[in-house]
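Every number for a ligand or one of its atoms is a count from 1 in the order of the listing.
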Amino acid sequence: GPTPRAHSYTRYNNWDTINSWMNSITSSNSDLISKMFIGNTYEGRPMNVLKIGRKTGSGKNAIFMDCGIHAREWISPAFCQWFVKEAVSTYGSDPQMTSLLDQMDVYVLPVINIDGYQYTHTSNRMWRKTRSRKSGTSCIGADPNRNFNAGWCTLGASSNPCSDTFCGYSPESEIEVKNVADFIRKNKGIIKAYLTIHSYSQLLLFPYSYTYELAADHSELMKVAEGASSALRSLYGTRYTSGPGATTIYPAAGGSDDWAYDLGVKYSYTFELRDTGRYGFLLPESQIQPTCEETMLAVKYIAAYVQKN
Ligand SMILES: O=C(O)[C@H](Cc1ccccc1)CC(O)(O)C[N+](=O)[O-]
Ligand SMILES: [Zn+2]
């Protein structure tokens, strides 16, 4: 059969390539990376979290970052792969990355919605949801970013299984969402920050999206978001807008960031990467490197702040 496609950090890799990359980068960096299985997707693909950090044996605090919750947002998994590469290749030479990985762990889930992501590679490039099936409807999937137990299905979501923002039949009805929520619940004592990577619009969002009420930590979350956005902008001048989801993009319940925040993970952010609509979800591969380089600056800014506070 065809040889699996070679992995590239500046191309959009399909799932088989990402999965084999996860195995190879873990085995070739066993001092810094370990792989943690958190469950299978609806169609039976393995969800693995990469735990990145110096192995000290003692419990370290952690940052959790996920990518690829929405299938068509291809720049998102590309960034998670870029982050892992940057972490292992600059540990020992970049003082901030070295300090971060000595003191904390970063849990990276490169693709949450693997079934949907693969479907965008094989069938429908604009697919968003999971690929779960339910009797009683021929429509497939639910919006995983409406399926978390945070104001579930109260606003900015649909209870119609055929809608792209279908909230699911109950909170965490999507196995991919349940697997992530279970992992974060199990580790909530050490997880100090939750970053979820989407595209597009160039936004740095934080709770809440399920209500117009300001979060208790609004001013601190805003301060950190603005610092991260200006760090990002320093590289190529890319402009991001920071703010609570409800007023900065639109009100929407069931989002992963709101759920993590209400669980007690204070530094909870949703990144909406490039661009602002010229290419949208179809961001050209030529923009993968600059997008990932500028986003690294924002993520490192937040990580450094979390490390100190
Ligand atoms: O609708 C979404 O889930 C995000 C916005 C968002 C972000 C956090 C919590 C609730 C909603 C926007 C996007 O990433 O899906 C881009 N889009 O509108 O397709
Ligand atoms: Zn999204």
| task | Give the contacting part of Asp258 toward ligand 1: side chain, backbone, both or neither, where contact means a heavy-atom distance below 4.0 Å. | result | neither
| query | Which atoms from ligand 1 have a heavy atom of Thr270 less than 4.0 Å away? | reply | 7 (C), 8 (C)
| task | Kindly identify the option in Tyr208, Tyr250, Tyr200 whose heavy atom sits closest to atom 18 (O) of ligand 1. | result | Tyr250
| For ligand 1, which atoms sit closer than 4.0 Å to a heavy atom of Glu73? | 13 (C), 14 (O), 15 (O), 16 (C), 19 (O)
| message | Whether Lys134 engages the ring of Tyr169 as a cation-pi pair (distance to the six-membered ring centre under 6.0 angstrom, angle to the ring normal within 45°) should be assessed. | response | yes
| task | Counting heavy atoms only, name the option from Met126, His70, Arg128 that's nearest to atom 19 (O) of ligand 1. | result | Arg128
| query | Backbone or side chain, does any N or O of Asp143 fall under 3.5 Å from an N or O of ligand 1? | reply | no
| Side-chain donor-acceptor pair under 3.5 Å between Arg45 and Gln118, yes or no? | no
| Closest non-hydrogen atom pair between Pro110 and Cys67, with its separation | O-CB, 3.1 Å
| If you count the atoms of ligand 1 from 1 in the order shown, which ones are under 4.0 Å from a heavy atom of Asn145? | 2 (C), 3 (O), 6 (C), 7 (C), 8 (C), 9 (C), 10 (C), 11 (C)
| query | Between His7 and Trp21, how do the two ring planes meet: parallel, tilted or perpendicular, split at 30° and 60°? | reply | parallel
| Does NZ belonging to Lys60 count more than 12 external heavy atoms closer than 6.0 Å? | yes
| Nearest protein heavy atom with distance in Å, relative to atom 16 (C) of ligand 1 | Ser199 O, 3.4 Å
| said: Take a 6.0 Å sphere around CD of Glu285 and say whether it holds more than 12 heavy atoms from other residues, nucleotides or ligands. | reply: yes
| field | Atoms in ligand 1 with a heavy atom of Ser209 nearer than 4.0 Å | value | 8 (C), 9 (C), 10 (C)
| query | How close does the nearest protein non-hydrogen atom get to atom 4 (C) of ligand 1, and which residue and atom is it? | reply | Glu272 OE2, 3.4 Å
| message | With clusters defined by side-chain heavy atoms of hydrophobic residues (ILVMFWY) lying less than 4.5 Å apart, directly or transitively, does Met296 cluster with Tyr305? | response | yes
| message | Between Glu86 and Lys300 (salt bridge meaning N to carboxylate O under 4.0 Å), is one present in this structure? | response | no
| request: Report, in ascending order of atom number, the atoms of ligand 1 lying under 4.0 Å from any heavy atom of Arg72. | output: 19 (O)
| field | the Zn ion (ligand 2) to nearest N/O/S of Glu272 below 2.8 Å | value | no
| said: If you round to 10 degrees, what value do you get for the angle at the Zn ion (ligand 2) between Glu73 atom OE2 and His198 atom ND1? | reply: 150°
| message | Test of understanding: given a 4.0 Å heavy-atom threshold, classify the contact between Ser256 and ligand 1 as side chain, backbone, both, or neither. | response | neither
| the Zn ion (ligand 2) to His70: nearest N/O/S atom name | ND1
| Near-ring test Phe64/Phe183, centroid separation under 6.0 angstrom | yes
| task | Run the ring-centre check on Tyr208 versus Tyr261 and record whether the distance is less than 6.0 Å. | result | yes
